[in-house]
Amino acid sequence: MLRIYVCITQQHDLRLVALAGLICLLASYTAFSLAGRAAQASSRSRAVWITASGLATGSGIWATHFIAMLAFQPDLPVAYELGRTVLSIVISALVSGAGLAIALRPRTRILGGLVVGAGIGAMHYTGMTALELPGEQVYDPTLAIVSLIIGMGLSAASTAVGFVQRGPARRVVAALLLTLGICGLHFTGMAAVAILPDAAVPLPGETIDPFWLATAITAVTVLILGLGLAGSSVDEHLTGRSIQEAARLRASEKRFRQLANATFEGIVLHVDGRMVDANQAMCTLLGKPLDWLIGREIWEIIAPGSHDLVRLRMLTGEHHTQEIELRHGDQETIAVEVVAQTIEYEGSTARVVAVRDIRERRAAEEQIRHMAHHDTLTGLPNRRMFHDRLNQAVALARRNGTTVAVLCLDLDRFKNVNDLSGHAGGDLLLRQVAERLSAGVRGQDTVARLSGDEFAIIQVGASHPDDASILAERLVKAIGTPFDLDGQQMVIGTSIGVSMFPSDADAGEDLVRAADTALYRAKGAGRGTYRFFESEMDARLQERRVLERDLRQALAVDQLELYYQPLVGCGTEDVMGFEALVRWHHPTRGLVSPAEFIPLAEECGLIMPLGSWVLRTACLEATRWPSDHRIAVNLSPIQFRHADLSKEILTILAQTGLAPERLELEITEGVLIEDTERTLATLKTLKAAGISVSLDDFGTGFSSLSYLQRFPFDKIKIDRSFIWEMEHNADSMAIVRSVIALGRSLRITVIAEGVETQEQLALLQNEQCDQVQGFLLGRPLPAQALARSPEAERDAAAAE
Ligand code: C2E
Ligand code: CA
Ligand code: CA
């Protein structure tokens, strides 16, 4: 170091040294701006630019060397041999030009710089051989090698900096580095040489006088300035491109940028993982300005979770689209879809990556997924998800030896809500039911809506069946509490069937079936209650299914028949009419009681065709009777849900020709519990047409008297249970008595059913009941028997 310092300060004219440095800097800057143009140019004009750049570098190195040599004052006469002096400038231009060309490619940037450094060295030491003086040059090999290392190292650094990015600031840094490299090599090289004066050394004939050398250096400097000028302003002439063309290109470049900015997709360009450009959409996507982006590694914008994936694809060079996550701002990540392609960019190979924001798509997908597993009305899991969860719960319980309870729920009287408040009311109610159920279970339990008014619950970790019954009880109570539908109070209820894993079944589906069976039982037990599955239920259920199938069959092949039971005047014992009672002649079971198959028909929907058949048959057969006795027909509450019941009845009357006054409809309180305006309207229409309406089974239902105010019944039929008890039970007697009194005051006919004994008849006659019905007065009989002579048959039947 010291030797270099001594060499510069004591053996050189410092003013000239400064000049050499300045020219070197100028040449270096020119070289880099020309090389920059080469990088941007098309391959055709690139050669021109790189030649110009090589020339600027080569001559810059050369000029620096020889100005510095002029500054060298070895106290001996100095001359320069012409041939080698010229050779040195040629070597310098060729080697450094080649180095710059190599450095254009990103992968060989450093290598290019090293070649430039080698060019400097070659120039320097060739130039030194041109030095002629009366003495001998002796080299210190270590310093000579150090000089080469300095030159090559700093050159490589300069190309690494100068080629990575555009922009004057970088170019200045690169030029400074190259200048340091050239000067460093030169002066270290000069320190490495010692001149031993020897008068015997002859001076060669062909030498350049330092004056001419100075002139040549001036010319070279002018050349460098000229090249620099050419590079900065007369670009178009040098490359043979017209000014218009250049303008057009610029405009097209601008359009391209506008286009890139206009696309919704983000576009980012990177060279070997370092970002060099991006469009506006990309910046927005990342929440960062373009300045921030440029020069950074792409890893900085990719979420760490996606790094491996991206790395893998870069290795395999795949071109398919890929979903990854980007970092947005400093905290968030966003889902994007990317596709990359290799392009030529400013002379190097770059990857252009198109990035599409797929957050909305993801959200939509998520919503679809949610919809596939949830019920849209209540937001509860749907049947599909329920089964998934149940299977998981069962698998887990099997492994852990714990239990799972399945509760199947069915809303009681839900149809009424729909009828009364429309679908909007029904929806509102279902949502409130969902809320109450969800509030009633623990977090790990699942409440699902399976369909319409069917819900199901998976209770996990129930250690005891008691846990399930506590839950069932709680839910029955919760759903039984009145609902408020926009100010309208609604009372519904729920029936629940419960099954347990592993005692009742050991697979999800079987558990649900068992719970369903139990639910059936709960409904049969009067609703608003819950039942646990019992194994014998299964057999009964099976039996029911067979019965249902057979009943369908029965309707189709005429296995049904109507029997008629007389309604008799209490005092006179005159026949006032007949009640039609359906019978089923089952092919293998014989006569099946309506008490058995009517509820079944109600549950499975068969009551509609069955009820129509009964009505039509009863009316038709009544027209064939010799007398014009009344015919009483039982109607199920389910038939009232059918919108056109009144129309149907009136049509049947018209078709069969039965006078409406002869038809009596028997309905139970059940019809009025489902107390809709429509039911009342139907009843009023029928009554207005002349048909009479009886309240059947009076006293058994909820009760009772309020219904009598709501609708003007023509007849009240006291339920047979009171008739059977009244002889021995004072309460029953009191009820019978008061109903008869009530009927009298309201001018409603009162009839007592199930009269089996003379004592019962006597009591009723004593109370002045209007009519009686029962085995005592006549059993139900088939039509043919009645047709012969109803009265006679009645007597015959009473005698039985
Ligand atoms: P209900 O309407 O209360 O009919 C009276 C039932 O009591 C009939 O039973 C009848 O045979 C029976 N009965 C009549 N007198 C006596 C008696 O002195 N002693 C006893 N022990 N029983 C007597 P049935 O025919 O088995 O019908 C049972 C129930 O089935 C009926 O009760 C009614 O609710 C329903 N039902 C019958 N036919 C029809 C129908 O066509 N449509 C509808 N919807 N329901 C029907
Ligand atoms: Ca009846
Ligand atoms: Ca009855």
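Ligands are counted one by one from 1 in listed order, and the atoms in each one are counted from 1 as well.
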**Message:** Any atom of ligand 1 sitting under 4.0 Å from a heavy atom of Q773?
**Reply:** no

**Message:** Starting from atom 18 (O) of ligand 1, what is the nearest protein heavy atom, named by residue and atom, and what distance separates them?
**Reply:** F775 N, 2.8 Å

**Message:** Under 3.0 Å from the Ca ion (ligand 2), is there any N, O or S atom belonging to N634?
**Reply:** yes

**Request:** For atom 24 (P) of ligand 1, grab the closest protein heavy atom and report residue, atom and distance to one decimal in Å.
**Result:** P594 CG, 3.6 Å

**Prompt:** Would R779 count as a cation-pi partner of Y564, with NZ or CZ less than 6.0 Å from the six-membered ring centre and within 45° of the ring normal?
**Reply:** no

**Request:** Could you grab the distance from atom CG of L511 to atom CG of D516, nearest 0.5 Å is fine?
**Result:** 11.5 Å

**Numbering as shown, the atoms of ligand 1 that approach P780 to under 4.0 Å (heavy-atom distance)** = 11 (O)

**Request:** May I ask you to decide whether E648 forms a salt bridge with R616, counting only side-chain N to carboxylate O separations under 4.0 Å?
**Result:** no

**Fill in**
ligand 1 atoms nearer than 4.0 angstrom to some heavy atom of E579 are 2 (O), 4 (O)

**Asked** So is G611 in contact with ligand 1, going by heavy-atom distances below 4.0 Å?
**Response** no

**Complete:** Test side chain to side chain contact (heavy atoms under 4.5 Å, CB included), reference E573, set L761, L776, V772, output is L761

**Item:** ligand 1 versus F597: contacting region, heavy-atom distance under 4.0 Å
**Value:** neither

**Asked** Does some non-hydrogen atom of the protein lie less than 4.0 angstrom from atom 9 (O) of ligand 1?
**Response** no

**Prompt:** Backbone, side chain, both or neither: what part of L776 comes under 4.0 angstrom of ligand 1, heavy atoms only?
**Reply:** neither

**Prompt:** With under 30° as parallel and over 60° as perpendicular, where do the rings of F597 and W584 fit, or are they tilted in between?
**Reply:** perpendicular

**Request:** Assess whether atom CD of E509 is packed by more than 12 heavy atoms of other residues, nucleotides or ligands within 6.0 Å.
**Result:** no

**Prompt:** Which atoms of ligand 1 have any heavy atom of W724 under 4.0 Å away?
**Reply:** 19 (N), 20 (C), 21 (N)

**Asked** Which angle, to 10 degrees, forms at the Ca ion (ligand 3) with OD1 of D697 on one side and OD1 of D696 on the other?
**Response** 80°

**Request:** Return the option from K717, R720, Q760 holding the heavy atom at the smallest distance from atom 12 (C) of ligand 1.
**Result:** R720

**Request:** Output the list of atoms in ligand 1 that are nearer than 4.0 Å to some heavy atom of D697, sorted by atom number.
**Result:** 3 (O)

**Item:** Close-contact set for ligand 1 against G754 heavy atoms, below 4.0 Å
**Value:** 16 (C), 17 (C), 18 (O)

**Request:** Kindly give the atom name of the N, O or S atom of E666 closest to the Ca ion (ligand 2).
**Result:** OE1

**Complete:** shortest atom 34 (O) of ligand 1-to-protein heavy-atom contact is with N634 OD1, 4.8 Å

**W613 side chain to L555 backbone, donor-acceptor under 3.5 Å** = no

**Fill in**
The answer for which part of R779 has a heavy atom under 4.0 Å from ligand 1 is neither

**Fill in**
In E661, E666, R630, the residue satisfying side chain to side chain donor-acceptor pair (under 3.5 Å) with S692 is R630

**Prompt:** Starting from atom 21 (N) of ligand 1, which protein heavy atom do you reach first, and at what distance in Å?
**Reply:** E756 OE2, 3.1 Å

**Item:** Q559 and H586: side chain donor to acceptor below 3.5 Å
**Value:** no

**Prompt:** Are any of the side-chain nitrogens in K715 or D770 under 4.0 Å away from the carboxylate oxygens of its partner?
**Reply:** no

**Fill in**
One should read off an interatomic distance between F578 CZ and R662 CZ, to the nearest 0.5 angstrom, of 10.5 Å

**Prompt:** Is the distance from the Ca ion (ligand 2) to the nearest N/O/S atom of E579 under 3.0 Å?
**Reply:** yes

**Request:** State plainly whether the residues E725 and R720 are in salt-bridge range, i.e. N to O under 4.0 Å.
**Result:** no

**Item:** Check: E454/S451 side-chain N/O donor and acceptor closer than 3.5 Å
**Value:** yes

**Item:** Any protein heavy atom < 4.0 Å from atom 29 (C) of ligand 1
**Value:** no

**Asked** Where is the nearest protein heavy atom to atom 4 (O) of ligand 1: which residue, which atom, and how far?
**Response** L581 CD2, 3.6 Å

**Complete:** The protein heavy atom nearest to atom 41 (O) of ligand 1 is V614 CG1, 3.4 Å

**Item:** Close-contact set for ligand 1 against D696 heavy atoms, below 4.0 Å
**Value:** 2 (O)

**Prompt:** Quick one: do D697 and K717 make a salt bridge, cutoff under 4.0 Å?
**Reply:** no

**Message:** For atom 15 (N) of ligand 1, what's the nearest protein heavy-atom neighbour? Residue, atom name and distance, please.
**Reply:** Q565 NE2, 2.9 Å

**Prompt:** Are a donor atom and an acceptor atom from the side chains of D484 and Q489 found within less than 3.5 Å of each other?
**Reply:** no

**Item:** Which residue and heavy atom of the protein sit nearest atom 38 (N) of ligand 1, plus the separation
**Value:** V582 N, 3.2 Å

